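Structure first, commentary second.
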Amino acid sequence: MKLTRSQFLGGAASAAGALSLTGCMQVARRISHTELPEGRIGRDATLPGDPAWRVLNRMAYGPRPGDLERVRSTGADAWIEEQLHPEKVEEQWAAWMRLMPMDTLDMDPAEAEDFETATYPEVGKGQSAIELQQAMVLRSVYSNRQLEQVMVEFWTDHFNISQLKAECSWLKTVDDRDLRKHSLGKFRDLIWASAHSPAMLFYLDNDKNKKQDAGSGANENYARELLELHTLGVDGGYTLKDIQEVARCLTGWNFRKSFQRLPYIGNFEFRAGDHDDGPKRVLGVPIPAGQGIRDGEQVVDIVCRHPSTARFIARKLCRRFVADAGPEPLINRLAEVFKKTDGDLQQVLSELFHSEEFQRGTSRKLKRPFDYVVSALRITNADTSGAGILPYLERMGQLPYKWAMPDGYPDRTDAWTPSLLARWNFAIDLVQGKVPDTDVNVRQLIEATGEKAPRNRARAACRLVLGTEPDEGLMEKLLTAGGGTVQKPTGGPEPRLALLLCSPQFMWR
């Protein structure tokens with residue numbers, strides 16, 4: 001019989017109070033420590049437009065030591081195709097081992113609710129939310145399926161659900177599993193999963209959406225965001241009447257909440273008695289009377305095939321991977337692929353990643369705080385449980401799953417420039433070993449460059465972190481970062497590495 005984590009902690013808590021997973025995580029980290037690659041790292045500087053450097057910084061959360069050389073050896077196009085099919089990418093032992101102690105990630109809704117509030121409240125309160133946040137960090141740092149992780153973050157913002165709202169603290173974990181499953185699949189499957197997600201239905205109040213003669217009347221919150229944020233976009237051509245009709249179509253879409261209904265608590269449920277079964281019209285398409293749950297299912301088909309949806313998703317993908325605005329020709333091409341393939345995200349992304357605009361575009365993208373932190377952990381070969389990272393992300397304003405509004409964390413440069421001071425503080429703490437449950441062996445990292453002289457080590461560190469040779473101004477700062485002069489540099493490698501992580505160049509993808 002398998003002993004679940006909740007059972008173990010509950011038994012332990014009854015004897016000695018609530019326990020943490022620190023011990024389990026420490027064992028997992030020791031077993032799954034990631035070694036530096038064989039041979040020298042930071043050997044070569046990138047040339048302008050280097051495709052390997054670009055894909056690792058745009059399609060992934062930046063390179064780990066040795067990644068740049070591996071992508072160069074196989075070719076960027078081969079790496080793109082590999083990442084588009086994550087099921088063919090062998091997963092890292094490090095990622096799996098670090099996630100294994102987190103039992104709440106695999107709990108069904110009833111078990112998660114029981115663990116969170118009923119049986120072990122002194123142990124489980126808030127644990128589902130915290131472990132999901134940690135898991136987002138750990139998967140992003142250690143997973144070889146980097147594009148899949150980037151797309152999970154993309155869709156997490158697109159279908160934003162804040163853990164701050166009551167039951168969402170544990171329902172979001174179940175929602176995340178479905179979102180992850182479809183992150184590179186068909187867009188319709190994402191909408192379908194989201195429309196049936198108890199977390200989404202609760203977050204946007206569709207559990208209160210009933211026909212008008214059943215109480216307070218139809219609740220339009222989810223219907224509005226389905227059109228404005230999930231599919232057509234704010235300028236997508238829908239009207240207030242369309243929102244009202246979609247809300248009527250989705251009356252009765254709810255989830256089970258009663259303890260008497262275990263083990264089905266927290267699962268989707270259509271309540272026919274709450275459904276408005278009259279005729280409706282959505283975006284010009286008639287919805288016949290008497291269809292029941294089919295009304296909402298027909299809405300999913302209508303909005304997913306609407307041409308505004310194709311353009312809206314194409315524009316957001318370009319914003320994530322290419323530039324804050326445009327480019328319009330690429331948006332048009334992606335929208336056409338979206339329409340022709342019925343929203344096949346692999347084909348849309350393939351068109352994007354092989355485009356001239358992506359591969360040779362000159363527009364820069366500022367790393368959001370999550371991207372910045374994960375890229376710093378990756379390039380330094382950090383060993384982390386993820387727990388000590390969360391307070392830094394909160395101070396920077398991008399703690400996963402905590403954005404309160406339904407539009408998700410913004411993806412524009414002007415939204416994140418105020419967080420730079422918090423980034424610098426994180427970089428300094430990281431290399432000085434002050435981030436809890438996180439270790440960076442800076443000396444081992446610098447020694448792996450194979451260079452001995454301080455000037456050569458500084459150049460190699462710059463090539464590793466920034467991909468370029470340092471100019472004279474940066475070289476002087478690197479050599480004097482630990483004290484001393486250019487002629488007689490002193491101090492260890494820690495301040496030099498911190499300086500590179502704090503540099504303007506490292507802030508951009």
Side-chain angles (χ1 to χ4, degrees), residues 34 36 41-42 53 56-57 60-65 67-68 136-138 140-142 364-400 413 415-449 454 457-468 470-471 473-483 489 491-509:
T34 54
L36 288 169
I41 62 176
W53 182 259
L56 283 168
N57 280 281
Y61 291 104
R64 296 178 63 84
D67 281 356
L68 195 59
M136 177 68 104
V137 172
L138 292 173
S140 301
V141 173
Y142 295 108
R364 297 194 301 171
K365 283 289 298 183
L366 182 71
K367 294 178 182 178
R368 300 196 299 178
F370 185 83
D371 193 352
Y372 171 78
V373 167
V374 172
S375 64
L377 294 168
R378 284 175 60 79
I379 199 59
T380 58
N381 197 43
D383 178 20
T384 184
S385 72
I389 304 299
L390 302 182
Y392 288 91
L393 289 169
E394 188 164 29
R395 286 193 285 271
M396 294 181 202
Q398 201 188 359
L399 183 61
T413 297
W416 297 111
T417 47
S419 68
L420 296 183
L421 178 59
R423 300 182 189 212
W424 300 334
N425 289 333
F426 167 75
I428 294 169
D429 285 355
L430 178 66
V431 300
Q432 291 182 349
K434 295 181 179 179
V435 178
D437 292 322
T438 302
D439 300 308
V440 174
N441 193 328
V442 179
R443 292 183 181 276
Q444 182 187 56
L445 190 69
I446 299 302
E447 287 172 2
T449 65
R457 283 191 166 188
R459 283 201 179 96
C462 189
R463 291 193 294 264
L464 175 68
V465 177
L466 304 182
T468 61
D471 58 31
L474 180 56
M475 175 62 78
E476 182 174 353
K477 292 176 182 177
L478 289 172
L479 292 178
T480 59
E494 290 85 359
R496 294 167 194 159
L497 184 59
L499 180 63
L500 290 170
L501 296 176
C502 293
S503 66
Q505 297 96 313
F506 193 71
M507 300 294 167
W508 298 87
R509 290 195 278 112

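Predicted model, so just to flag it, every value in this text is computed and none were measured.
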Tell me, do Y142 and T384 make a side-chain contact under 4.5 Å, heavy atoms counted?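 Yes, at least one pair of side-chain atoms sits under 4.5 Å.
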Please tell me if the side chains of W53 and L68 come closer than 4.5 Å, counting only heavy atoms from C-beta onward.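 They are in contact (side-chain heavy atoms under 4.5 Å apart), so the answer is yes.
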Looking at every heavy atom in both [X] and [Y], which two are closest together, and how far apart are they?
X    : Y    : value
G388 : P391 : O-CD, 3.5 Å
P495 : A481 : CB-O, 3.8 Å
S503 : L466 : OG-CD2, 3.5 Å
L445 : P65  : CD1-CG, 4.0 Å
P369 : L393 : O-CD2, 4.0 Å

Which value, rounded to the nearest 0.5 Å, describes the distance between [X] atom [atom1] and [Y] atom [atom2]?
X    : Y    : atom1 : atom2 : value
Y372 : L420 : OH    : CG    : 9.0 Å
D383 : T438 : CG    : OG1   : 8.0 Å
L500 : I379 : CG    : CD1   : 10.5 Å
N381 : I41  : CG    : CD1   : 8.0 Å
E494 : I446 : CD    : CD1   : 9.0 Å
C462 : L474 : SG    : CG    : 5.0 Å

side-chain contact (heavy atoms from CB on, under 4.5 Å) with [X]: which residues, sequence neighbours excluded?
X    : value
D67  : L56, P63, R64, R70, R378
A376 : F426, L430, L501, F506
A422 : M396
N425 : L421

Any residue meeting salt bridge (Lys or Arg N to Asp or Glu O under 4.0 Å) with R457, in chain and number order, not counting sequence neighbours: none
Mind checking salt bridge (Lys or Arg N to Asp or Glu O under 4.0 Å) for D371 and listing every partner two or more places apart, or none if nothing turns up?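 By the salt bridge (Lys or Arg N to Asp or Glu O under 4.0 Å) rule, D371 matches R509.
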Excluding sequence neighbours, so at least two apart, what forms side-chain hydrogen bond (donor to acceptor under 3.5 Å, both in side chains) with R459? none
Sorted by chain and number, sequence neighbours left out, side-chain hydrogen bond (donor to acceptor under 3.5 Å, both in side chains) with S375 holds for K367
Which is it for W508 and T413 under the side-chain contact (heavy atoms from CB on, under 4.5 Å) test, yes or no, and what are the steps along the way? CA-CA 10 Å; W508 298 87; T413 297; 4.1 Å; yes
Pairs meeting criterion salt bridge (Lys or Arg N to Asp or Glu O under 4.0 Å) with involvement of residues 417-428, two or more places apart: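 For residues 417-428, and leaving out neighbouring residues, there are no salt bridge (Lys or Arg N to Asp or Glu O under 4.0 Å) pairs at all.
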Under the side-chain hydrogen bond (donor to acceptor under 3.5 Å, both in side chains) rule, what pairs show up with a residue in residues 389-400, not counting sequence neighbours? E153-Q398, Y392-D429
